[in-house]
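The next block holds one structure in the form of structure tokens; read it before the comments.
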Protein chains: 2
Amino acid sequence: MARSSDPTRTRILAAASRLFYAEGIRTVSVDAVAEKAGITKKTLYYHFRSKDDLVAAYLAARDQPNLELFKRWFDDSEGALPDKIAAIFRQLARAARHPKWRGCGFLRTTAELANLPGHPAIRIGAAHKKKFEAWLQTTFEAAGIAASGELARQMLLLLDGAFAVVLLHRDASYMETAGEAARALTTAALARRAKSAAPRRPPAAR
Amino acid sequence: MARSSDPTRTRILAAASRLFYAEGIRTVSVDAVAEKAGITKKTLYYHFRSKDDLVAAYLAARDQPNLELFKRWFDDSEGALPDKIAAIFRQLARAARHPKWRGCGFLRTTAELANLPGHPAIRIGAAHKKKFEAWLQTTFEAAGIAASGELARQMLLLLDGAFAVVLLHRDASYMETAGEAARALTTAALARRAKSAAPRRPPAAR
DNA sequence: CAAGGTATATTCACTGGTCAGTATACATTG
DNA sequence: CAATGTATACTGACCAGTGAATATACCTTG
């Protein structure tokens with residue numbers, strides 16, 4: 001069985017990742033992936049059972065790196081919580097101006113495979129977004145925000161809305177508008193905390 | 001030349017609409033559309049120059065009805081402006097619980113054709129969203145909101161984010177979360193108006 | 001009004017090409 | 001030599017678009 005560190009497997013995955021993200025799932029043939037990886041199709045089928053498998057692996061490989069990138073953007077930014085949230089959107093706006101940017105691979109794959117609800121790739125995409133939402137909620141909880149769950153969901157909605165709209169209009173400024181909305185909602189949530197519970201340590205996580 | 005009221009053309013478009021929305025663009029073959037419409041493929045090609053043409057016509061046919069539906073939901077709801085905005089999301093949540101619901105056809109088509117930036121279908125989708133945004137802005141302006149443009153964009157972001165997230169998780173409750181965020185942002189914008197300019201008639205449109 | 005013509009609308013059968021996946025065989029290496 | 005990995009060449013299905021012919025409806029003109 002091929003280990004995940006297998007160099008051939010890694011090469012295939014790198015080729016698949018670039019092609020699927022750039023062109024979409026259904027337009028990219030297995031032959032095209034094999035050629036880009038510099039191997040034959042049969043070798044690809046030695047490492048992956050089917051195209052669906054390969055698609056799932058493509059998204060699975062993006063899961064952790066993506067989450068870590070967002071956390072890094074958050075951690076490395078200056079200012080109070082609303083500013084650090086807005087920083088994520090600002091960085092994303094920067095990325096979206098790159099000509100090769102094509103939105104969120106998870107969302108685009110979901111949209112393309114919407115007729116196959118149980119598809120493994122969709123499950124992986126859903127899990128990815130859930131992880132991101134959970135991280136946001138934990139962050140808001142630590143800041144003493146009562147409705148941390150609702151706020152986390154709202155951030156997620158703004159983020160994914162921005163992915164979709166920026167892709168549609170090819171106008172990255174929507175990403176910054178989303179960031180401003182995220183900042184405003186976070187500020188308002190913090191203000192509610194300050195009112196209902198005097199400035200204190202974050203409540204013990206439970 | 002076939003007029004747009006042509007019954008055959010209408011039948012083709014109806015079949016295309018149901019199939020493209022349910023299954024996606026690239027998975028649906030022209031043969032499948034022709035069969036669903038009860039005609040031969042050659043007849044379809046008599047009425048539409050190409051598959052791309054048909055895809056564009058599919059979205060163009062959804063443009064006006066979709067906008068009118070949203071406006072109707074807004075007009076027919078009770079309460080103040082934030083409640084009427086939230087009503088759109090509530091109605092959409094109801095629609096999203098239907099098993100045949102597959103998100104926003106415009107966004108899904110854009111995601112699927114993201115590798116063809118100038119595609120006519122994407123242009124139509126972009127124009128559709130711009131019209132919706134313009135209607136929102138006009139509505140906010142009429143209510144005396146100063147930052148009507150920014151607020152309209154924020155509503156659009158929440159709406160399209162909800163389309164994407166609800167499709168991913170198959171969980172319509174995100175639509176209601178988006179509605180609450182939309183309500184909160186609208187309420188805040190109205191409060192800013194009340195502060196900066198005493199309750200007065202909406203400023204003359206310019 | 002009838003004969004012939006022209007534009008519209010539709011069908012059947014086909015083409016050239018692509019796609020996911022496989023059968024079989026060859027190579028490398030522990 | 002046996003397990004692992006890679007290559008060539010193929011299969012059966014499907015797909016966008018087309019060629020040639022036919023049917024229908026309306027229109028012109030003798």
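Convention: sequence-line order gives letters A, B, ...; per-chain numbering from 1.
Phosphate contact (OP1/OP2 of C:dT8, side-chain N/O of B:His47, threshold under 4.0 Å): absent. Applying the 4.0 Å criterion to OP1 and OP2 of D:dA7, one finds that A:Thr40 has a side-chain N or O inside that range. For D:dG5, one of the phosphate oxygens OP1 or OP2 lies less than 4.0 angstrom from a side-chain nitrogen or oxygen of A:Tyr46. Neither OP1 nor OP2 of D:dG5 sits under 4.0 Å from any side-chain N or O of A:Thr8.
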Please list, for nucleotides 27-30 of chain C, all pairs of protein and nucleotide N/O atoms separated by less than 3.5 Å.
none

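Taken residue by residue, residues 114-122 of chain B places no heavy atom nearer than 4.0 Å to DNA chain D.
Computed from coordinates, the B:Leu44 CG to D:dT18 P distance equals 12 Å when rounded to whole Å. If you measure from atom CZ of A:Phe48 to atom P of D:dG5, you get 13 Å, rounded to the nearest angstrom. Rounded to an integer number of Å, the gap from B:Arg9 CZ to C:dT8 C1' is 15 Å.
For B:Arg62 and B:Tyr21, the positive end sits near the middle of the six-membered ring, less than 6.0 Å away and at most 45° from its axis.
Taking B:Ala147 as the reference, B:Glu150 meet the side-chain contact (heavy atoms from CB on, under 4.5 Å) condition, with sequence neighbours excluded. For A:Lys42, the side-chain contact (heavy atoms from CB on, under 4.5 Å) test picks out A:Thr40, with sequence neighbours left out. The side-chain contact (heavy atoms from CB on, under 4.5 Å) check on B:Ala182 picks up B:Ile85, B:Phe89, B:Met155, B:Leu158, with sequence neighbours excluded.
For the atom pair NE2 (B:His47) and CG (B:Asp53), the distance works out to 13.0 Å, reported to the nearest 0.5 Å. Between the CZ atom of A:Arg108 and the CG atom of B:Leu113 there is a distance of 10.0 Å, given to the nearest 0.5 Å.
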Where protein sits on nucleotides 18-26 of chain C, one letter per nucleotide: B base, S sugar-phosphate only, - none, heavy atoms under 4.0 Å: -SBBBBB--
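Open room surrounds CD on A:Glu35; 12 or fewer heavy atoms of other groups in view lie less than 6.0 Å from it.
Using a 30° and 60° split on the angle between ring planes, B:Phe74 and B:Trp135 fall in the perpendicular class, above 60°.
Of the listed residues (A:Arg90, A:Arg94, A:Arg183, A:Arg97), just one forms a salt bridge (charged side-chain N to carboxylate O under 4.0 Å, His left out) with A:Glu176, and that residue is A:Arg97.
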Kindly determine whether B:Asp171 and B:Ser173 satisfy side chain to side chain donor-acceptor pair (under 3.5 Å), including the steps that lead there. CA-CA 6 Å; B:Asp171 176 358; B:Ser173 73; 2.8 Å; yes
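Under the 4.0 Å criterion applied to side-chain N and carboxylate O atoms, A:Lys71 and A:Glu68 are not assigned as salt-bridge partners.
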